[in-house]
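Written below as structure tokens is the structure these notes are about.
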There are 2 protein chains.
Amino acid sequence: MAGTTRRRTVGQVSGESIVIEAAWMYYHDGLNQSKIAKLLKVSRATVVNYLQEARERGYIRISLAPEVFTNHQLAQELRDKFGLQAAFVLPTGINTEEESLMRVARGAAEWLPSLLTRGDKLGVAWGRTVYEVAEAIEQTATKDVTVSQLVGSMATPYGFTAEICSAHMAQNLGAKCINLHAPAVLSDPDLAARLRAEPIIHAQLEALSHCNKAIFAAGSCAPDSHIVSSGVASNEDLDWYVNQGATGVLCGRFINAEGHPIVGKLDDRMIGVELDKLQGLDMGLLVSDGADKVIPMISAIAGGYVTHVVTSNETARLMLKAAT
Amino acid sequence: MAGTTRRRTVGQVSGESIVIEAAWMYYHDGLNQSKIAKLLKVSRATVVNYLQEARERGYIRISLAPEVFTNHQLAQELRDKFGLQAAFVLPTGINTEEESLMRVARGAAEWLPSLLTRGDKLGVAWGRTVYEVAEAIEQTATKDVTVSQLVGSMATPYGFTAEICSAHMAQNLGAKCINLHAPAVLSDPDLAARLRAEPIIHAQLEALSHCNKAIFAAGSCAPDSHIVSSGVASNEDLDWYVNQGATGVLCGRFINAEGHPIVGKLDDRMIGVELDKLQGLDMGLLVSDGADKVIPMISAIAGGYVTHVVTSNETARLMLKAAT
DNA sequence: CACACTTTTTGACAATTGTCAGCATATAGT
DNA sequence: ACTATATGCTGACAATTGTCAAAAAGTGTG
């Protein structure tokens with residue numbers, strides 16, 4: 001061999017730098033692999049290896065500028081029609097419901113870090129959507145941010161718990177995490193009251209009641225909804241609440257079309273954030289998608305819990321239509 | 001033709017969405033152009049057009065994760081050695097001085113938006129480095145951020161003025177801008193005092209004295225330095241300050257090795273931020289590079305103006321060596 | 001209906017990237 | 001000195017992307 005190549009020795013500081021160097025030249029300077037190989041005095045295959053390593057280590061961030069989605073015409077219509085601070089609308093023209101949901105979650109994951117500032121206390125609900133957001137967030141180093149779990153534990157149809165959801169959200173955001181070590185609903189109101197009074201649970205409820213920002217999804221009142229499948233409400237419970245005018249579910253609580261909580265038998269057996277604590281926040285981020293979520297989303301917005309919305313163009317269109 | 005293709009009509013909402021859709025599929029879903037073409041029912045050439053349009057409109061954000069540079073070993077050594085909140089070190093192994101500076105400026109441009117939060121008042125110095133940072137920042141929508149020009153006007157060897165520098169910085173950050181409509185240095189101390197007392201200049205000086213964050217570079221005391229070429233100091237002035245122990249220049253003011261301002265004949269003829277206003281800020285971002293900047297950078301840090309540093313690995317190494 | 005303009009498509013080809021097996025070299029451990 | 005492991009290189013080829021001219025199709029106007 002020509003002897004022009006030099007191996008990186010183990011522990012050499014510049015070892016990692018050459019990967020960064022290659023990535024910079026490729027992604028920032030727009031040089032092709034052959035040029036980079038010549039400049040770095042290595043083979044093109046080695047450059048391919050370096051670039052691959054940079055990608056694998058998560059060095060490369062490729063995203064669509066948030067403005068693309070917040071300046072979207074439908075986003076602006078949503079913001080204006082519903083009095084929101086901002087909306088983030090993703091085009092999902094040809095996707096299945098599942099693909100659309102994943103894209104909406106991904107979009108929320110990209111947007112959320114930029115909505116957080118130093119010292120924020122972020123309440124995190126629990127459900128399939130919020131979980132997908134938590135998983136999709138790329139590692140971010142937020143400063144002095146605390147994540148609080150807004151709802152207690154439930155039987156989970158998804159393979160992940162509320163605790164894991166909040167913990168992943170906190171971890172990916174580089175934030176502290178305060179969990180809620182209690183079931184979401186108990187069999188007896190008295191037992192629930194005593195559990196709430198337990199110092200550790202009481203402290204956790206205090207923490208979540210002081211959050212200044214929150215992320216949640218809107219649940220529907222359909223029999224196949226999450227609130228039934230997770231065991232929080234039985235079909236009888238559901239029927240009762242619907243008869244009382246329930247149009248949606250927010251953090252495990254039923255709300256009517258105006259967003260007012262409907263207080264029933266379930267509520268004093270529940271351990272979790274009270275909905276009045278989610279009104280008037282600096283940020284209430286509603287992440288939901290699907291035709292069946294339109295009414296619940298509009299209900300949540302009407303209740304004053306929502307300042308920011310992430311959804312698909314299709315659902316945005318349906319929301320705008322429903323609000324005329 | 002098969003008649004399967006559909007043109008977008010002018011003004012159709014989904015017109016822009018198909019560009020976003022194509023970009024999402026390519027960059028997020030990792031689909032190739034042929035697959036995207038098939039899914040969107042257009043030709044591959046049209047997909048190429050859409051992707052190009054997305055790039056041209058600035059929809060695509062490709063960057064290296066900031067942690068790559070802040071977790072760099074040299075970055076951590078700088079932070080620890082100099083008591084900084086964070087350092088951002090860019091590998092610039094094979095670059096010219098010019099290329100290295102451009103890369104450092106680019107790195108600072110990528111980092112700065114994430115260092116800003118709602119309500120910040122950012123003081124902006126002026127010089128080649130800061131200008132390149134301002135130009136390199138991609139359009140960002142910061143919230144309620146105000147940019148203040150820290151130094152007055154000077155003869156410019158670069159083709160841009162301090163006003164333009166601050167205005168571009170503000171524009172690219174989506175911030176408000178408060179300029180400083182005065183020369184940096186006047187011929188007579190009395191004239192300078194009267195100008196400072198002018199209501200509009202006084203208000204501008206008030207604004208810049210209340211900034212909680214600042215971005216600046218460190219100037220050297222070499223005869224070819226910016227402070228001489230811009231007409232702020234003559235060679236005689238320079239000699240005097242160097243004899244008084246000046247080791248660097250910060251926002252047009254001379255400082256010694258401990259970072260203390262050296263007060264001389266120039267200072268009461270100057271219009272600009274007083275250095276004591278730059279101590280103890282929430283963020284003092286020092287962006288500099290080059291062997292000749294090592295001593296000035298260390299001086300600025302010693303003076304308590306700096307909380308964050310952006311530099312190259314080579315300069316970082318020299319700084320660490322100089323501080324032993 | 002004709003025309004002008006815009007957008008998309010076709011098809012070919014060059015350029016670049018991705019992948020892979022096999023070989024070469026460097027390093028570390030025994 | 002030998003062996004094992006890790007890293008880099010070679011060279012070939014497949015896959016993908018970029019570019020381009022010419023043609024086709026869609027749209028708006030008179």
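These numbers come from the heavy atoms of this one structure, side chains and all, not from hydrogens, waters or symmetry mates. Throughout, protein chains are lettered first and strands after them, A, B, ... in sequence-line order, and every chain is numbered starting at 1.
The distance from atom NZ of B/Lys35 to atom P of D/dA15 is 11 Å, rounded to the nearest whole Å. Summarising the geometry, the separation between CD1 on B/Ile60 and P on D/dT17 is reported as 14 Å, rounded to the nearest angstrom. Rounded to whole Å, the distance from CD1 on A/Ile18 to C1' on D/dC9 is 14 Å. The separation between B/Leu40 atom CG and C/dT9 atom P is 10 Å, rounded to whole Å. Distance CG (B/Asn49) to P (C/dT7): 10 Å, rounded to an integer number of Å. A/Asn32 places its CG atom 17 Å from the P atom of C/dA14, with the value rounded to the nearest Å. Computed from coordinates, the A/Lys38 NZ to D/dC9 C1' distance equals 17 Å when rounded to whole Å.
A parallel orientation is assigned to the rings of A/Phe88 and A/Phe69, their planes being inclined by less than 30° (bins at 30° and 60°).
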Under 3.5 Å, which protein N or O atoms sit close to an N or O of nucleotides 18-20 of chain C? Give each pair with its distance.
| unit_1 | atom_1 | unit_2 | atom_2 | d |
| --- | --- | --- | --- | --- |
| C/dG18 | OP2 | A/Gln33 | NE2 | 2.7 |
| C/dG18 | N7 | A/Arg44 | NH1 | 3.4 |
| C/dG18 | N7 | A/Arg44 | NH2 | 3.4 |
| C/dG18 | O6 | A/Arg44 | NH2 | 2.6 |

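Shown here is A/Glu97, whose CD atom has no more than 12 heavy atoms of other residues, nucleotides or ligands within 6.0 Å.
For A/Lys143, the side chain to side chain contact (heavy atoms under 4.5 Å, CB included) test picks out A/Arg118, with sequence neighbours left out.
A donor-acceptor distance shorter than 3.5 angstrom exists from the side chain of A/Asn32 to the backbone of A/Ser34, with no hydrogens or angles considered.
Contact between the side-chain N/O atoms of A/Tyr50 and the OP1/OP2 oxygens of D/dT7 is not found at any separation under 4.0 Å. Within the 4.0 Å cut-off from OP1 or OP2 of D/dC9, at least one side-chain nitrogen or oxygen of A/Ser43 is found.
Atom NZ of residue B/Lys81 and atom CD1 of residue B/Ile301 lie 12.0 Å apart, to the nearest 0.5 angstrom.
In this structure the side chain of A/Met297 never reaches within 4.5 angstrom of the side chain of A/Leu318, judged on heavy atoms.
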